[in-house]
Novice: 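There's a structure below that I have some questions on.
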Amino acid sequence: MLMRDLHTGVACLDSLRRPLRDLRISVTDRCNLRCTYCMPGEVFGRDFVFLRHADLLSFEEIVRVARQCIALGVRKIRLSGGEPLLRHGIERLVEMLARLCDNDGKPIELAMTSNGTLLAKKARALKDAGLMRLNISLDALDEDIFRRITGNRVSPEAVLEGIAAAEAVGLTPVKVNAVIKRGVNESEILPLVRRFRHSGVIMRFIEYMDVGNTNGWRLDDVVSAGEILALIEREYPLVPIASLTEGEGVAERWALQDGSGEIGVITSVTQAFCHTCSRLRLSTDGKLYTCLFATDGIDLRTLIRAQPGDEVALRQHITAVWRSRADRYSQLRHEMTEALSGRIEMSYIGG
Ligand code: SAM
Ligand code: SF4
Ligand code: SF4
């Protein structure tokens with residue numbers, strides 16, 4: 001079904017006829033971890049200059065953008081970062097967004113991706129505010145491997161406590177996401193599967209992507225979804241469940257044949273589905289990005305602040321951005337070996 005602009009009745013399609021359905025909002029560029037593939041400590045150190053508070057979109061400004069995106073077809077909003085739980089008062093933003101409805105009066109799906117370390121304190125408030133779904137990132141159970149990946153700031157126990165807290169308040173089913181990088185944490189694939197069997201948690205493995213400039217990505221570092229599945233199958237035979245296109249790839253779903261759980265693999269690199277990609281990203285400082293691999297964002301904050309009450313202008317601007325969208329980076333990835341510099345970081349626009 002095509003989503004239609006409320007005023008014009010014209011479907012908001014991009015130049016490749018993809019509808020706008022999915023909005024990812026980065027609420028902070030800061031994080032309490034320093035994952036080597038995302039915000040490596042050498043780059044995001046003491047001297048790194050993060051955005052000033054005045055540069056951040058306020059909650060009211062975020063809601064204004066979200067409302068117009070919903071009018072244009074968005075049905076799912078995901079809060080991300082940086083670490084979204086570091087944004088002061090995040091539960092208030094969740095509450096404001098949870099009140100928004102689509103053109104038929106139905107609530108939109110409201111989700112968050114978090115590293116989980118602060119969830120033990122925040123899960124109840126997020127649930128009460130109206131958060132519906134939660135993805136929690138956990139790349140390793142082994143203490144040393146986890147600390148090596150995340151910059152040696154917390155123990156994986158903190159994330160496990162966060163997962164338990166999310167389950168306790170009913171933010172279920174929790175999805176746990178692990179990015180797998182060759183030579184770093186493929187040894188953690190089976191332990192993660194074992195750990196979450198019989199728990200209701202859906203364990204998903206993500207192919208390592210070439211986002212940003214700071215992670216020194218090489219194709220050799222990618223452990224493909226095929227390899228991940230083959231490894232799991234050696235111990236746990238798998239039965240396919242319907243796949244979903246999600247984010248930058250396909251989320252293939254598999255049931256463990258013995259009935260003990262579900263796992264997933266996200267084929268961001270080996271099977272990116274640009275032709276169905278319906279995601280718009282809003283950065284912490286109010287820029288729109290029409291692709292995870294975009295080099296430039298389109299400033300919305302100036303317009304928002306210059307015309308505080310002009311919702312029509314805001315919607316027209318977002319419409320124009322979406323209509324001119326032609327991104328299909330992943331499909332072109334193999335042809336694009338140059339021009340990789342200047343890409344933005346995932347922690348800035350939200351993974
Ligand atoms: N801090 C939160 C977290 O870690 O869940 C939210 C932001 S983080 C940028 C969102 C997701 O992007 C995480 O699951 C992270 O593992 C993933 N991510 C970051 N860099 C990535 C990369 N180069 N390839 C694949 N996934 C990546
Ligand atoms: Fe922080 Fe998430 Fe990036 Fe790790 S992946 S550094 S937790 S934003
Ligand atoms: Fe969407 Fe860009 Fe990823 Fe293609 S490369 S799936 S257009 S975000």
Side-chain angles (χ1 to χ4, degrees), residues 1 3-6 12 19-28 56-137 162-177 200-202 244 246-247 278-284 286 288 300 304 308-309 311 314-315 318 349-351:
M1 187 180 69
M3 299 304 167
R4 304 206 166 259
D5 182 303
L6 274 181
C12 189
L20 169 61
R21 282 183 194 283
D22 183 356
L23 178 64
R24 187 161 288 211
I25 302 172
S26 176
V27 294
T28 177
L56 272 52
L57 286 193
S58 69
F59 291 167
E60 288 70 20
E61 289 168 339
I62 290 173
V63 171
R64 278 185 65 197
V65 177
R67 192 177 280 125
Q68 296 316 317
C69 288
I70 291 168
L72 293 172
V74 161
R75 292 298 172 266
K76 179 171 175 187
I77 293 181
R78 179 172 292 278
L79 300 177
S80 186
E83 173 46 40
L85 297 184
L86 286 183
R87 179 79 187 252
H88 185 67
I90 184 69
E91 51 276 32
R92 190 167 73 83
L93 176 64
V94 169
E95 199 177 344
M96 291 161 80
L97 291 171
R99 282 195 219 117
L100 301 180
C101 291
D102 69 16
N103 306 343
D104 300 322
K106 286 201 224 101
I108 46 119
E109 187 179 328
L110 187 56
M112 179 182 284
T113 302
S114 164
N115 64 32
T117 55
L118 304 168
L119 257 181
K121 287 192 201 118
K122 291 273 188 182
R124 166 53 62 197
L126 292 170
K127 171 75 177 170
D128 290 349
L131 188 70
M132 296 172 195
R133 296 192 202 293
L134 195 54
N135 288 358
I136 301 176
S137 306
I163 294 169
E167 291 185 299
V169 301
L171 278 168
T172 49
V174 171
K175 289 180 183 159
V176 171
N177 290 337
V201 165
I202 301 171
L244 305 165
E246 182 176 306
S278 54
R279 179 170 295 173
L280 182 62
R281 294 168 186 271
L282 178 64
S283 73
T284 314
L288 289 175
L300 211 55
I304 290 173
E311 304 310 306
L314 181 56
R315 190 180 311 183
I318 299 169
I349 53 166

Novice: Return the CG to CD1 distance between L57 and I62, rounded to the nearest 0.5 Å.
Specialist: 5.5 Å

Novice: Please round to the nearest 0.5 Å and tell me the distance separating atom CG of L97 and atom CE of M112.
Specialist: 9.5 Å

Novice: Rounded to the nearest 0.5 Å, what separates atom CD1 in I318 from atom CZ in R67?
Specialist: 11.5 Å

Novice: Can I70 and I77 be said to form a side chain to side chain contact (heavy atoms under 4.5 Å, CB included), step by step?
Specialist: CA-CA 9 Å; I70 291 168; I77 293 181; 4.2 Å; yes

Novice: Please name the pair of heavy atoms, one in S26 and one in G81, separated by the smallest distance, quoted to 0.1 Å.
Specialist: OG-CA, 3.5 Å

Novice: How far apart are the closest heavy atoms of A66 and L100, and which atoms are they?
Specialist: CB-CD1, 3.9 Å

Novice: With no hydrogens and no angle check, do the side chains of S114 and E83 hold a donor and an acceptor under 3.5 Å apart?
Specialist: yes

Novice: Might you point out which heavy atoms bring L171 and L131 nearest each other, and give the distance in Å?
Specialist: CD2-O, 3.4 Å

Novice: Taking salt bridge (Lys or Arg N to Asp or Glu O under 4.0 Å) as the test, write out the residues that go with R64, two or more places apart.
Specialist: E311

Novice: Testing the basics here: between A165 and A120, what is the closest heavy-atom pair and its distance to 0.1 Å?
Specialist: CB-CA, 3.7 Å

Novice: Quick one: closest heavy-atom pair of E167 and V174, and the distance?
Specialist: CG-CG2, 3.9 Å

Novice: Testing L119, N177, T117 one by one against I136 for a side-chain contact (heavy atoms from CB on, under 4.5 Å), which residue passes?
Specialist: L119

Novice: Between R92 and E60 (salt bridge meaning N to carboxylate O under 4.0 Å), is one present in this structure?
Specialist: yes

Novice: If you look at every heavy atom in A71 and R315, which pair is closest and at what distance?
Specialist: CB-CZ, 3.6 Å

Novice: Quick one: are T113 and P84 in side-chain contact, heavy atoms under 4.5 Å?
Specialist: no

Novice: Rounded to the nearest 0.5 Å, what separation is found between the CG atom of L79 and the CG atom of L110?
Specialist: 5.5 Å

Novice: Do V169 and L126 come close enough that some side-chain heavy atom pair is under 4.5 Å?
Specialist: no

Novice: Taking R87 for the side chain and V27 for the main chain, is one N or O donor matched with an acceptor at less than 3.5 Å?
Specialist: yes

Novice: To the nearest 0.5 angstrom, please state how far the NZ atom of K76 sits from the CG atom of L23.
Specialist: 11.5 Å

Novice: Given 3.5 Å as the limit, does a donor-acceptor pair link the side chain of D104 with the main chain of K106, or not?
Specialist: no

Novice: Could you give me the CA-CA distance, side-chain angles and deciding distance for I304 and L314, then say whether side chain to side chain contact (heavy atoms under 4.5 Å, CB included) is met?
Specialist: CA-CA 7 Å; I304 290 173; L314 181 56; 4.0 Å; yes

Novice: Atom CD1 of I163 and atom CG of L134: how far apart are they, to the nearest 0.5 Å?
Specialist: 9.0 Å

Novice: Measuring only between side-chain heavy atoms, which start at C-beta, is L288 closer than 4.5 Å to L282?
Specialist: yes

